[in-house]
Chemist: 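Before anything else, here's the structure in question.
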Amino acid sequence: MTDKLIIFDTTLRDGEQSPGASMTRDEKLRIARQLERLKVDVIEAGFAASSNGDFECVKAIAEVIKDSTICSLARANDRDISRAAEALKPANAGRLHLFLATSALHMEKKLRMTPDQVFEQAKMSVRFARNLMADIEFSPEDGYRSDPDFLCRVIEAVINEGATTINVPDTVGYAIPELYGNFIKNLRERIPNSDKAVWSVHCHNDLGMAVANSLAGVKIGGARQVECTINGLGERAGNCSLEEVVMAVKTRKDYFDLDLGIDTQQILAASRLVSQTTGFVVQPNKAVVGANAFAHASGIHQDGVLKARDTYEIMRAEDVGWSANKIVLGKLSGRNAFKQRLQELGVAMESETDINNAFVKFKDLADRKSDIFDEDILALVSDESVTHSNEQYGFVSLSQHSETGERPQACVVFTVAGKEVKGQSDGNGPVDASLKAIEIHVKSGAEMVLYSVNAISGSTESQGEVTVRLQNSGRVVNGTGSDPDIVVASAKAYLSALNKLQSKAVKVAAQG
Ligand code: KIV
Ligand code: ZN
């Protein structure tokens with residue numbers, strides 16, 4: 001019998017720590033449902049004690065997701081742990097994930113604690129957590145840069161206190177595959193009770209080796225849980241990418257000899273959902289989920305694939321969900337078909353009014369675009385004017401004029417707290433003029449740090465999906481908007497970012 005590799009997805013916690021990737025409760029629920037369809041073993045739903053918003057998200061996910069274990073991060077103190085346990089109460093299966101830094105640098109400079117104090121706190125926090133829940137994960141933060149002797153002492157103690165999973169984070173992405181694999185192997189060999197816990201890897205991608213390091217932790221180190229995110233989303237250069245690790249283990253079963261519970265055909269849908277929700281576009285040459293991942297441009301390759309696909313293909317596009325990219329609805333589709341498709345896509349609308357609003361937008365889109373793909377529907381429901389009619393800013397209409405040799409002009413009608421206002425401006429281009437027309441009224445003073453346009457389904461007939469990243473008073477937010485007209489999509493994205501800047505949620509940051 002082969003071992004099972006546990007897939008622990010942290011898109012909603014570590015992934016969300018990526019600047020601008022913060023998600024609303026509804027967005028997180030939608031992603032959690034897709035992760036459940038993907039059959040991930042553990043969903044880290046958030047960091048309950050970091051804010052009331054995060055607490056509510058973890059609780060809401062624990063209420064609706066029944067097939068995956070739901071986990072909350074917590075610092076190693078009683079208040080955080082109690083808060084996380086409270087949020088996890090409705091879960092079928094819950095896990096508390098405690099973290100405390102163990103590297104000399106973090107202990108001295110960040111925690112201002114001695115190693116003995118850290119040792120005691122680690123032990124006592126697991127003892128406290130164990131009284132609240134049976135499934136306890138402990139992470140020595142910056143574990144890979146910690147002194148191995150000290151790490152052995154801490155890990156042995158927390159396993160004695162009842163920790164059931166030991167995760168060894170490479171918090172700053174410093175590891176090299178062979179060294180990381182041996183680091184874990186060495187810990188497991190030296191710690192007398194190491195066999196009482198599942199060992200886990202958690203690698204960041206600062207040197208582009210998060211996936212390689214994680215796989216080495218599995219193969220050399222004997223870890224049986226990988227912590228990862230969809231599209232490798234995460235702070236700085238991101239986390240280990242779920243789709244890459246899963247497809248590596250599946251495609252090279254001859255080498256890893258491990259079983260996975262993942263339904264790989266759900267990978268692409270998960271990737272698209274996370275990308276559309278956060279506005280973090282997937283690069284075309286990204287392994288497994290990039291637009292070019294299965295495209296063969298060279299004649300020699302095409303010829304080879306037509307004769308025998310395994311000449312140049314090591315995995316089948318259908319196995320990760322590529323064939324699911326089909327036309328699903330059109331102009332003649334009715335409300336019931338639309339509602340059913342929303343359910344199949346895991347989109348839960350709170351009220352019949354929301355469904356009606358979305359259906360009106362769908363009909364409007366179908367009038368302008370003959371083929372409606374799943375991506376179009378997902379983009380449509382990410383549009384805040386559909387799901388959040390109570391947002392501060394909402395798009396109404398736009399007109400603009402641009403002509404060679406003339407300075408473009410735009411007029412944008414939008415709502416501010418439900419009241420229509422009209423802004424007019426010129427600009428360097430029609431997009432610039434439109435966003436200035438909004439800003440003239442709103443006076444947010446925010447700095448735009450990123451603007452990007454992506455064609456949702458490839459051709460010029462598709463909807464343009466725009467991401468706008470704004471920075472204001474140290475906060476970074478991403479807004480997304482989509483429309484067949486990219487100027488309109490840009491205005492929607494700008495308003496969406498302004499709405500996010502409005503939300504006052506202050507979170508305690510978890511390192512890594
Ligand atoms: O990278 C890290 O160290 C983390 C821990 C909180 C597990 O994300
Ligand atoms: Zn991390």
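For clarity, every value in this text was computed on a predicted model and none was experimentally measured. First listed ligand is number 1; within each ligand, the first listed atom is number 1. Numbers for residues simply follow the sequence, beginning at 1.
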Chemist: What is the NE2(H202)-the Zn ion (ligand 2)-NE2(H204) angle, to the nearest 10 degrees?
Modeler: 100°
Chemist: Determine yes or no for a side-chain-to-main-chain donor-acceptor pair under 3.5 angstrom, with R95 supplying the side chain and I70 the backbone.
Modeler: no
Chemist: Under 4.0 Å from any heavy atom of S139, which atoms of ligand 1 are there?
Modeler: 7 (C)
Chemist: What atoms of ligand 1 come closer than 4.0 angstrom to any heavy atom of F99?
Modeler: 6 (C)
Chemist: Could you go through the side-chain hydrogen bond (donor to acceptor under 3.5 Å, both in side chains) check for Q265 and D263 one step at a time?
Modeler: CA-CA 6 Å; Q265 290 190 348; D263 176 358; 5.8 Å; no
Chemist: Can you spot which of T11, N205, D14 makes a side chain to side chain donor-acceptor pair (under 3.5 Å) with N239?
Modeler: D14
Chemist: Can you give me the closest heavy-atom contact between Y494 and S444, atom names plus distance?
Modeler: OH-OG, 4.1 Å
Chemist: Does D142 reach ligand 1 with a nitrogen or oxygen that is under 3.5 Å from one of the ligand's nitrogen or oxygen atoms?
Modeler: no
Chemist: Taking 4.0 angstrom as the limit, do R190 and E156 come out as a salt bridge?
Modeler: no
Chemist: For P169, take its heavy atoms, then give the atoms of ligand 1 lying under 4.0 Å from any of them.
Modeler: 2 (C), 3 (O)
Chemist: State whether D14 contributes an N/O/S atom found under 2.8 Å from the Zn ion (ligand 2).
Modeler: yes
Chemist: Would you say E141 and ligand 1 have an N/O pair spaced under 3.5 Å apart?
Modeler: no
Chemist: Can you name the atoms of ligand 1, numbered from 1 with element, that are less than 4.0 Å from a heavy atom of H97?
Modeler: 7 (C)
Chemist: Give the numbers and elements of all ligand 1 atoms closer than 4.0 Å to a heavy atom of H204.
Modeler: 1 (O)
Chemist: Does the pair W199 and V168 meet the rule for a side chain to side chain contact (heavy atoms under 4.5 Å, CB included), with working shown?
Modeler: CA-CA 8 Å; W199 286 71; V168 184; 4.0 Å; yes
Chemist: What part of D14 sits under 4.0 Å from ligand 1 if we count only heavy atoms: the side chain, the backbone, both or neither?
Modeler: side chain
Chemist: Could you tell me whether the side chains of Q463 and D376 share a donor-acceptor contact shorter than 3.5 Å?
Modeler: yes
Chemist: Does some non-hydrogen atom of Q17 fall short of 4.0 Å from ligand 1?
Modeler: no
Chemist: May I ask you to say whether D259 pairs ionically with K253, meaning some side-chain N is under 4.0 Å from a carboxylate O?
Modeler: yes
Chemist: With a 4.0 Å cut-off on heavy atoms, is E227 in contact with ligand 1?
Modeler: no
Chemist: Do any N or O atoms from the side chain of S275 and from the backbone of S271 form a donor-acceptor pair under 3.5 angstrom?
Modeler: no
Chemist: May I ask you to check whether R13 has an N/O atom sitting below 3.5 Å from an N/O atom of ligand 1?
Modeler: yes
